[in-house]
There are 2 protein chains.
Amino acid sequence: MPQITASRAGRRDGVPIGELSRLTGVNIETIRYYEKIKMLQPPPRTEGGRRIYGLTDARVLAFIRRGRELGFGLEEIRALLALGGPGKASCADVRKIAAHHLDDIRTKIADLRKLEKLLATTIAQCSGNRVPDCPVLDILDIRRS
Amino acid sequence: MPQITASRAGRRDGVPIGELSRLTGVNIETIRYYEKIKMLQPPPRTEGGRRIYGLTDARVLAFIRRGRELGFGLEEIRALLALGGPGKASCADVRKIAAHHLDDIRTKIADLRKLEKLLATTIAQCSGNRVPDCPVLDILDIRRS
DNA sequence: CTTGCTCCTGTAGTCGCTACAGGATGCATC
DNA sequence: GATGCATCCTGTAGCGACTACAGGAGCAAG
């Protein structure tokens with residue numbers, strides 16, 4: 001079998017941090033940061049002290065990255081990893097986290113939409129001339145709004 | 001006469017920081033923070049060293065607060081204050097800052113809407129049962145997405 | 001004069017990174 | 001085997017916009 005005689009966790013040919021960074025699109029410093037805050041397990045090292053990563057690390061890191069892209073906080077992602085991890089995931093728990101996050105997103109969208117409308121109509125009223133009463137400053141100023 | 005001979009800038013009856021905080025809805029620590037980063041002029045002090053604020057401070061602070069509520073960054077607000085300040089404001093400049101900010105808001109809304117759709121449809125597919133393949137974990141996992 | 005509130009300065013923590021400084025390692029080439 | 005250069009290491013400080021102390025001083029009422 002060409003399969004692996006691993007030192008620890010099924011890992012031969014590891015990649016150094018720079019290549020993991022390229023593979024996953026996550027910055028090198030960010031990877032080390034994730035290790036520091038325990039989002040990632042500390043990988044084994046070379047004799048010289050350099051980190052060596054395997055497939056599992058790449059997948060976990062990609063998972064984290066995707067979660068961040070979806071706007072999850074690191075703590076939420078940590079929870080999702082724990083749920084998805086040792087196979088004992090209850091889908092309902094995962095769903096709960098995601099649903100909560102969806103609520104947050106919807107609230108943010110609603111807030112931003114209000115802002116957008118207010119700003120857009122205000123800017124539309126602004127001629128761009130040098131006018132003593134600027135509508136944009138007006139909505140900012142308590143005296144008039 | 002019980003009246004006060006104002007020390008500096010036409011200011012009688014000043015209020016202490018706690019009252020300014022109540023008046024404007026801005027946290028005390030935040031007010032001091034604004035002073036430190038020079039969003040606010042350092043106010044005069046009592047003999048004992050306590051800050052005394054006047055009307056102008058309250059208006060500026062309210063302006064900043066409103067700007068923050070509208071999602072402007074402190075640097076943008078600083079610029080707006082400078083423009084609106086000594087009466088020499090060109091409305092076009094104000095408009096430019098606001099329009100740029102509006103662009104940002106619209107971009108954020110668009111991004112969040114994409115996220116919302118993706119998450120919402122994914123969560124909808126989730127039964128909540130203990131299923132080996134959780135759709136929510138699936139979109140996070142590189143293997144399937 | 002004591003109680004209790006407000007206020008003071010200064011520092012450190014939040015979140016999720018990013019950007020150094022000042023070295024050590026590893027690999028290819030001569 | 002020496003050299004050069006890319007990559008890596010640790011540790012610390014910075015970003016934005018605050019918030020949260022710690023440890024002390026001021027001040028008004030009873």
Side-chain angles (χ1 to χ4, degrees), chain A residues 13-40 42-53 57 60-81 101 104-105 108 111 115, chain B residues 13-40 42-53 57 60-81 97 100-101 104-105 108 111 115:
Chain A
D13 310 332
V15 294
I17 198 167
E19 194 159 330
L20 183 67
S21 171
R22 255 166 267 131
L23 284 171
T24 58
V26 177
N27 204 315
I28 290 180
E29 349 263 313
T30 305
I31 297 172
R32 288 197 284 248
Y33 168 71
Y34 285 163
E35 183 181 327
K36 198 167 69 181
I37 64 167
K38 295 179 177 144
M39 291 291 297
L40 292 178
R45 308 269 188 136
T46 64
E47 283 189 13
R50 297 178 168 210
R51 292 169 180 85
I52 304 174
Y53 294 96
D57 302 302
V60 169
L61 194 51
F63 185 97
I64 296 171
R65 192 200 171 202
R66 190 102 172 88
R68 294 291 301 131
E69 282 171 9
L70 292 170
F72 286 93
L74 288 180
E75 287 314 309
E76 287 174 311
I77 294 171
R78 207 194 290 274
L80 288 172
L81 277 170
H101 181 53
D104 284 355
I105 289 173
K108 266 182 208 153
D111 289 350
L115 287 192
Chain B
D13 310 329
V15 294
I17 198 168
E19 195 160 329
L20 183 68
S21 171
R22 257 165 267 131
L23 285 170
T24 57
V26 178
N27 203 316
I28 290 180
E29 347 264 311
T30 306
I31 296 172
R32 287 196 284 249
Y33 168 71
Y34 285 163
E35 183 181 328
K36 197 168 71 181
I37 64 166
K38 294 180 178 143
M39 291 291 297
L40 293 177
R45 306 272 188 136
T46 65
E47 283 189 13
R50 298 180 168 210
R51 292 169 179 84
I52 304 175
Y53 293 97
D57 302 303
V60 169
L61 194 50
F63 185 96
I64 295 172
R65 192 201 172 202
R66 191 102 172 89
R68 294 292 299 131
E69 282 171 8
L70 293 172
F72 285 93
L74 288 180
E75 287 314 310
E76 287 173 313
I77 294 171
R78 208 194 289 273
L80 289 172
L81 277 170
I97 294 175
H100 186 270
H101 181 53
D104 284 355
I105 290 173
K108 267 182 206 150
D111 289 350
L115 287 191

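Naming convention: chains lettered A, B, ... in sequence-line order (proteins, then strands); numbering from 1 in each chain.
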Looking only at non-hydrogen atoms, find the nearest pair between Gly18(B) and Ile28(B) and report the distance. CA-CD1, 3.9 Å

Tell me the interatomic distance from Glu47(A), atom CD, to dC8(D), atom C1', rounded to whole angstroms. 16 Å

Quickly work out the Ile28(A) CD1 to dA6(D) P distance and round it to whole Å. 14 Å

Strictly below 4.0 Å: does Arg45(B) bring a side-chain N or O up to OP1 or OP2 of dT9(C)? yes

Glu29(A) side-chain proximity, nearest of dC8(C), dG26(C), dA19(C): dA19(C)

For Leu20(A) and dT7(D), give me the distance from atom CG to atom P, rounded to whole Å. 15 Å

Just compare dT18(C), dC17(C), dC18(D) and give me whichever is closest to any side-chain atom of Tyr34(A). dC17(C)

Would you mind telling me which of dG16(C), dC9(D), dT12(D) lies closest to the side-chain atoms of Lys36(A)? dT12(D)

Taking the nucleotide of DNA chain D with the closest heavy atom to each, which residue, Leu74(B) or Gly49(B), is nearer the 5' end? Leu74(B)

Within a strict 4.5 Å, meaning less than it, do heavy atoms of the Asp57(B) and Ile31(B) side chains meet? no

Would you mind reading off the distance between Leu61(B) atom CG and dA17(D) atom C1', rounded to a whole angstrom? 14 Å

If you check every side-chain atom of Arg32(A), which of dT18(C), dC8(D), dC18(D) has the closest atom? dC8(D)

Is Thr30(B) near enough to dT19(D) that one of its side-chain N or O atoms lies under 4.0 angstrom from OP1 or OP2? yes

Rounding to a whole Å, what distance do you find between Ile52(B):CD1 and dC7(C):P? 12 Å

Reckon Ile37(B) touches a base, only the sugar-phosphate, or nothing at all at heavy-atom distances under 4.0 Å? nothing

Taking all non-hydrogen atoms of both residues into account, name the closest pair between Pro43(A) and Tyr53(A) and its distance. CG-CE2, 3.4 Å

Nearest-angstrom distance from the residue atom CZ of Phe72(B) to P of dG16(D): 18 Å

Heavy atoms only: give me the nearest Met39(B)-Ile77(B) pair and the separation to one decimal. CE-CG2, 4.0 Å

Sorted by position of nearest nucleotide on DNA chain D, 5' first, the leading residue of Thr46(B) and Ile64(B) is Ile64(B)

Counting just side-chain N and O atoms, does Asn27(A) come under 4.0 Å of either OP1 or OP2 of dC17(C)? no

Among dC7(C), dG26(C), dC9(D), which nucleotide has an atom closest to any side-chain atom of Arg51(A)? dC9(D)

Can you figure out which of dA17(D), dT25(C), dC17(C) approaches the side chain of Tyr33(B) most closely? dA17(D)

Reckon Arg50(B) has a side-chain N or O less than 4.0 Å from the OP1 or OP2 of dA25(D)? no

Charged N-O contact under 4.0 Å between Arg32(A) and Glu35(A): no

Using whole Å, report how far CD of Glu35(A) lies from P of dG16(C). 18 Å

Which nucleotide sits closest to the side chain of Ile17(A): dT9(C), dC8(D), dC27(D)? dC8(D)

Which atom pair, heavy atoms only, marks the closest approach of Arg68(B) to Leu74(B)? CD-CD2, 3.6 Å

Report the distance from atom CZ of Arg78(A) to atom P of dC15(C), rounded to the nearest whole Å. 10 Å

